[in-house]
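Read the structure below first, then the notes.
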Amino acid sequence: MKMPSILRVLFKFETEYAGSPLFVSGNALRHALSRQVNTSVGIFTNTSSLQFPSSYEEFFLPRKTKCFLYPFYEKWWNKITHHAAVRCFFTPRFVTFDLITPPQDLSNIIEHIQHCELIQLGGRRNCGFGRVTLQDYIEIELHSLPLPDHASHLTLISPMIYLPSFLERYNCRHKLVKIWNHNRVNPVNAIAPGQFFRIKSNKNIRKIALRGILRKCLFGQFGFGEYVVHDWTSNKNGEGN
């Protein structure tokens, strides 16, 4: 079976961003490019360039070293309601996405789009928020990426609809995630990212690790189901949170 490739793109913010401070939904990039690409959620970062990973840990380094966004508040006059209002926005530097087997020459397509029109992410785009330009990109061949043979836990990087069967069951936090689809909002009660879960014994860890990269789950094409595995066998009291 041919291993799919990953196109990792890094965008630089040119204007303020209005949206979730945790991540940019994969659906936001799909709408910005007007293409049904299979994309991860966008992770905010201060990294200004991308490097080819030589290990599984390096592959997830830009995905785990997230940048915390500080909110800014601004008073403005709403010309429609004729009332003063307060809007909240953020000033991130960069955001990175992973796209699985993207269309050929997608990087050239992105550069063409940003020269002809705006690429904008997040909310209030009609007010100029969320404009980005392509900063860097690399193509990662997964067949050359070493995968771990041993792991005891995994940590969610993006939301997940349900826990797969190879995980122990815990009481976990959920978060309401909104998915825009054909101008309609579909609210999804998903398992919140940042939580970790124990992997059942005698499982194929390499297969599980690859599944976390490829987001093999419901709504994976929107960025759901990304996770990184860890070997915490020395911690006998590890629990999901």
Side-chain angles (χ1 to χ4, degrees), residues 5-54 57-74 76 87-141 157-159 177-178 180 193-194 213 215 221-224 226 228:
S5 61
I6 299 287
L7 179 65
R8 178 165 290 175
V9 294
L10 181 72
F11 290 103
K12 179 182 179 181
F13 277 92
E14 303 294 344
T15 61
E16 295 86 354
Y17 160 79
S20 170
L22 301 178
F23 54 79
V24 180
S25 71
N27 207 30
L29 182 60
R30 291 161 61 98
H31 279 270
L33 301 180
S34 298
R35 282 170 172 79
Q36 295 183 355
V37 291
N38 187 336
T39 175
S40 69
V41 298
I43 299 296
F44 299 108
T45 177
N46 287 328
T47 303
S48 60
S49 62
L50 299 173
Q51 296 181 348
F52 292 95
S54 60
E57 290 74 19
E58 287 184 4
F59 177 87
F60 276 102
L61 192 59
R63 312 292 293 165
K64 294 190 297 181
T65 54
K66 303 176 182 180
C67 177
F68 184 78
L69 300 186
Y70 294 92
F72 290 85
Y73 298 94
E74 177 184 73
W76 64 292
R87 55 188 174 192
C88 172
F89 59 90
F90 305 89
T91 56
R93 295 186 62 198
F94 303 99
V95 62
T96 180
F97 295 85
D98 283 355
L99 294 91
I100 300 174
T101 316
Q104 191 174 11
D105 296 330
L106 180 61
S107 57
N108 294 332
I109 294 173
I110 293 174
E111 290 179 340
H112 176 74
I113 293 175
Q114 69 185 17
H115 282 117
C116 298
E117 55 187 287
L118 302 181
I119 298 180
Q120 293 177 275
L121 305 172
R124 290 201 285 272
R125 293 184 294 276
N126 58 331
C127 298
F129 283 81
R131 180 182 176 184
V132 296
T133 56
L134 185 63
Q135 173 79 6
D136 196 6
Y137 64 90
I138 57 173
E139 186 172 345
I140 303 172
E141 298 294 341
I157 293 179
S158 65
V177 180
K178 297 179 180 179
W180 286 87
I213 294 175
R215 305 186 303 277
Q221 72 273 25
F222 299 114
F224 284 64
E226 183 181 6
V228 57

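When a residue number appears, it is its place in the shown sequence, counting from 1.
- In this structure, CD on Q36 lies 9.5 Å from CG on N27, to the nearest 0.5 angstrom.
- Only one option out of E57, E226, E58 pairs with R63 in a salt bridge (charged side-chain N to carboxylate O under 4.0 Å, His left out); it is E226.
- With rounding to the nearest 0.5 angstrom, the CZ atom of R87 is 14.5 Å from the OH atom of Y73.
- The OH atom of Y137 sits 6.0 Å away from atom CG of N108, with the distance rounded to the nearest 0.5 Å.
- Going from atom OG1 of T45 over to atom CG of L10 covers 7.0 Å, rounded to the nearest 0.5 Å.
- In terms of heavy-atom proximity, A28 sits nearest to V24 at CB-CG1, 3.7 Å.
- For the residue pair I157 and P193, the shortest heavy atom distance occurs at O-CB, 3.4 Å.
- Between I213 and I100, the closest heavy-atom pair is O-CD1, 4.1 Å.
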**Request:** Given side chain to side chain contact (heavy atoms under 4.5 Å, CB included), test R35 with I109 step by step and report yes or no.
**Result:** CA-CA 11 Å; R35 282 170 172 79; I109 294 173; 3.5 Å; yes
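- Between F222 and R30, the closest side-chain pair of non-hydrogen atoms falls below 4.5 Å.
- Atom CD of Q104 has 12 or fewer heavy atoms from other residues, nucleotides or ligands within 6.0 Å.
- Distance check: L7 CG to I138 CD1 gives 8.5 Å after rounding to the nearest 0.5 Å.
- Residue pairs satisfying the side chain to side chain donor-acceptor pair (under 3.5 Å) criterion with at least one member in residues 6-19, sequence neighbours excluded, are listed as follows: R8-D98, E14-T133.
- V177 is listed as a side-chain neighbour of F224, based on a closest heavy-atom distance under 4.5 Å.
- Checking F94, F90, F13 one by one against F44, the side chain to side chain contact (heavy atoms under 4.5 Å, CB included) holds for a single residue, F13.
- The closest side-chain heavy-atom distance from I140 to P53 is below 4.5 Å.
- Heavy-atom minimum distance, R124 versus C88: NH2-O, 2.8 Å.
- Between S158 and R215, the side chains place no donor N or O within less than 3.5 Å of an acceptor N or O (distance only, hydrogens not considered).
- Nearest heavy atoms, L69 versus P92: CD2-CB, 3.6 Å.
- Around atom NZ of K64, more than 12 heavy atoms belonging to other residues, nucleotides or ligands sit under 6.0 Å away.
- Here the closest heavy-atom approach between residue V9 and residue L50 is recorded as C-CD1, 4.2 Å.
- Within the 4.5 Å cutoff, the side chain of T101 has no heavy atoms near those of the N38 side chain.
- Between the Q120 side chain and the F129 main chain, a donor and an acceptor come within less than 3.5 Å of each other.
- Residues L61 and Q51 are not in side-chain contact: their nearest non-hydrogen atoms beyond the backbone lie 4.5 Å or more apart.
- Rounded to the nearest 0.5 angstrom, L99 CG and L33 CG are separated by 7.5 Å.
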